2 protein chains.
Amino acid sequence: MASSTQLVIEDDRQPARLGDRVYQQIKEKLIRGAYEPGDKLTVRGLAEDLRVSSTPARDAINRLALEGALVYAGPKTVIVPHLEPQALEEITLMRLALEGLAAEKAAARVVDEDIEALKEMQLQINAGLDERRYAEALWSNKEFHFLIYKLCGMPYLLATIETLWLRIGASFNDLYPEFAEAKYGVHNHMAAIEGLVERDGSAVRAAIESDIRDGYRRIKRANRERHAGRSRPA
Amino acid sequence: MASSTQLVIEDDRQPARLGDRVYQQIKEKLIRGAYEPGDKLTVRGLAEDLRVSSTPARDAINRLALEGALVYAGPKTVIVPHLEPQALEEITLMRLALEGLAAEKAAARVVDEDIEALKEMQLQINAGLDERRYAEALWSNKEFHFLIYKLCGMPYLLATIETLWLRIGASFNDLYPEFAEAKYGVHNHMAAIEGLVERDGSAVRAAIESDIRDGYRRIKRANRERHAGRSRPA
DNA sequence: GTGTGTTTTTTGTTGCAACATAAATGCAGT
DNA sequence: ACTGCATTTATGTTGCAACAAAAAACACAC
């Protein structure tokens with residue numbers, strides 16, 4: 001919707017492969033909450049929306065489904081997944097293991113500029129929260145975390161963590177307003193920065209783990225409260 | 001080459017999608033060591049070998065590359081990856097985090113039949129080792145580990161761990177003879193079984209972590225010794 | 001209305017040809 | 001021999017039509 005008809009150059013770092021572009025766009029929409037859990041995606045529908053043929057659209061859908069960002073509701077039906085409590089718990093346990101690892105290793109390689117960038121990003125989170133610009137705050141929150149994880153220099157780990165975030169992104173966005181009320185995560189983020197300053201890997205890990213656990217509790221509660229009003233999520 | 005011309009039914013659990021079949025076959029070859037690090041795979045080459053069109057072949061290659069089981073050596077060149085020390089370390093750290101998690105959670109859900117199956121599998125590993133049937137022993141070793149990981153009932157975790165094994169599979173096979181000399185892993189496996197018997201999650205985690213660490217040291221040494229004779233791996 | 005069987009429409013997958021470009025090859029020139 | 005460049009070959013990606021199968025729409029009996 002935002003892009004003009006079929007301009008080839010959108011920006012100078014456009015992925016060479018068309019399928020990658022489609023993938024990135026869907027991924028972005030997913031993280032930003034443009035889709036709701038249960039929404040159905042089709043090859044031809046995507047192809048038409050993004051003005052490409054079915055091959056790249058199909059590539060993107062398959063890739064997203066492979067990563068768990070989309071799920072099969074039937075042999076020919078892929079949808080944006082609902083956040084089942086069991087899936088949320090599994091993802092949270094994996095996040096604790098993997099992001100904990102990344103956080104711990106980050107402390108060994110951080111330099112002062114990184115810490116400045118982190119503080120800057122935290123300011124943006126706070127601003128977004130204060131002004132009730134939740135989508136923006138959520139985005140900044142993601143940036144904050146990945147700023148840390150990037151430090152450890154483990155590309156495959158980073159990619160794996162990204163798929164975990166992608167997997168809960170849609171539902172996260174969906175719940176965010178109620179989720180963000182209590183200045184979520186600020187304390188933990190400050191503790192993480194402090195740990196980085198001290199180059200104390202255990203402290204950074206503890207802060208990140210605490211952040212993940214707090215988020216887990218909060219989103220579980222929000223989810224419960226929301227479903228209290230309806231008979232079933234679907 | 002092995003299959004007849006275009007028989008539709010090969011076995012009754014054949015994946016519906018052709019691309020999945022290609023994927024499974026390459027994956028199998030990779031884990032069994034049919035390819036060597038550096039081997040180049042092409043869409044048309046695979047398509048011809050497996051008597052399919054380029055679309056499923058391309059799907060399989062892209063998926064494998066996405067999982068890291070194949071890597072890009074150039075924009076149009078995918079190869080079986082070499083095991084760089086840095087990549088090995090990253091994968092090992094992720095394995096410790098994820099397989100440690102799976103091992104710990106497995107203790108809470110194990111039943112006696114599972115333990116019997118595990119003991120049986122260990123017998124097969126020992127037999128394979130004794131008779132110098134290394135590929136078989138390696139396969140049984142994989143089965144042993146995944147028998148444990150399956151217990152925790154976390155499907156996405158299992159899938160992620162599988163991609164880690166796939167990623168080091170080719171090089172593992174390549175190095176296995178020298179790697180297996182010293183009855184690798186038997187002690188750790190017994191400790192894991194013992195921990196399962198006691199329903200002691202920490203003990204199972206410790207045993208699996210120890211197993212992973214032992215394997216890491218051993219394969220690193222094997223790799224070093226091998227490269228001592230040559231100027232460069234390639 | 002509810003459930004069941006049938007028809008129609010939609011959908012993913014596959015094979016294939018065209019295209020742009022990367023990789024391989026050949027060839028001077030030194 | 002070896003490097004640098006031009007030519008040729010090989011390769012990944014894309015778009016598209018055909019097909020089988022699933023999903024949706026529909027009709028009808030109870």
Side-chain angles (χ1 to χ4, degrees), chain A residues 3 5-10 12-26 35 38-82 231 234, chain B residues 3 5-10 12-26 35 38-82 231 234:
Chain A
S3 69
T5 49
Q6 61 252 56
L7 267 188
V8 178
I9 31 165
E10 293 204 331
D12 50 356
R13 52 153 174 52
Q14 174 207 21
R17 308 211 289 294
L18 251 191
D20 286 350
R21 191 165 66 79
V22 176
Y23 167 78
Q24 290 290 350
Q25 291 188 14
I26 308 302
Y35 296 116
D39 281 2
K40 186 173 147 189
L41 299 199
T42 67
V43 169
R44 286 173 176 80
L46 268 189
E48 194 174 344
D49 288 351
L50 305 181
R51 306 296 211 287
V52 295
S53 79
S54 62
T55 307
R58 177 173 169 271
D59 285 351
I61 288 182
N62 280 339
R63 178 169 176 188
L64 260 348
L66 190 69
E67 292 174 350
L70 300 176
V71 301
Y72 286 89
K76 295 196 174 180
T77 318
V78 293
I79 63 171
V80 179
H82 295 271
S231 57
Chain B
S3 67
T5 49
Q6 62 250 55
L7 267 188
V8 179
I9 32 165
E10 293 204 332
D12 49 356
R13 50 152 175 50
Q14 175 204 21
R17 309 210 289 293
L18 251 191
D20 285 350
R21 190 164 65 78
V22 176
Y23 167 79
Q24 290 291 349
Q25 291 187 15
I26 308 301
Y35 295 116
D39 282 2
K40 186 173 148 190
L41 299 198
T42 67
V43 170
R44 286 172 176 80
L46 268 190
E48 194 174 345
D49 288 350
L50 304 181
R51 306 295 213 287
V52 293
S53 81
S54 62
T55 306
R58 176 173 170 271
D59 285 351
I61 287 182
N62 280 338
R63 178 169 175 189
L64 260 347
L66 189 69
E67 293 175 348
L70 300 175
V71 301
Y72 285 90
K76 295 194 174 182
T77 317
V78 293
I79 64 172
V80 178
H82 295 271
S231 56

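Please read all numbers here as calculations on a predicted model, not as lab measurements.
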Decide yes or no, distance alone: a donor-acceptor N/O pair under 3.5 angstrom between the base of C/dG12 and the side-chain of A/Arg44.
yes

Between the base of C/dG15 and the side chain of B/Ser54, is there a donor-acceptor distance below 3.5 Å?
no

Measuring only between side-chain heavy atoms, which start at C-beta, is A/Lys40 closer than 4.5 Å to A/Val80?
no

How many whole angstroms separate atom CZ of A/Arg21 from atom C1' of D/dT13?
14 Å

Less than 4.5 Å apart, any side-chain heavy atom of B/Arg21 and any of B/Val52?
yes

Are the side chains of A/Val22 and A/Gln24 in touch, meaning some heavy atoms are under 4.5 Å apart?
no

For the pair made of CD in A/Glu48 and C1' in C/dT10, what is the distance, rounded to whole Å?
13 Å

Using a 4.0 Å heavy-atom cut-off, does B/Gly45 contact any base of the nucleic acid, only the sugar-phosphate backbone, or nothing at all?
nothing

Determine the contact category for A/Leu41: base if any of its heavy atoms lies under 4.0 Å from a base atom, sugar-phosphate if only primed atoms, P, OP1 or OP2 are that close, otherwise nothing.
sugar-phosphate

Sequence neighbours excluded, which residues qualify as side-chain contact (heavy atoms from CB on, under 4.5 Å) partners of A/Val78?
A/Leu41, A/Ile61, A/Tyr72

Quick check on C/dT14: is either OP1 or OP2 less than 4.0 Å from any side-chain nitrogen or oxygen of B/Thr55?
no

Without decimals, in angstroms, what is the distance between B/Arg17 CZ and D/dA22 P?
13 Å

Measure the shortest side-chain to side-chain distance between A/Thr55 and A/Asp59 over non-hydrogen atoms and say whether it is less than 4.5 angstrom.
yes

Quick one: are B/Arg58 and B/Leu46 in side-chain contact, heavy atoms under 4.5 Å?
no

To the nearest Å, give me how far apart CD1 (B/Ile79) and P (D/dG12) are.
13 Å

Look at A/Lys40 and C/dG12 and indicate whether a side-chain polar atom (N or O) is within less than 4.0 Å of OP1 or OP2.
no

Output the rounded distance in Å from CZ (B/Arg51) to P (C/dC16).
13 Å

Interatomic distance, B/Leu18 CG vs D/dA20 C1' [rounded to whole Å]:
13 Å

Members of residues 58-77 of chain A that approach DNA chain C, where some heavy atom sits under 4.0 Å away
A/Arg58, A/Asn62, A/Lys76

Side chains of A/Ile79 and A/Thr77: closer than 4.5 Å at any heavy-atom pair?
yes

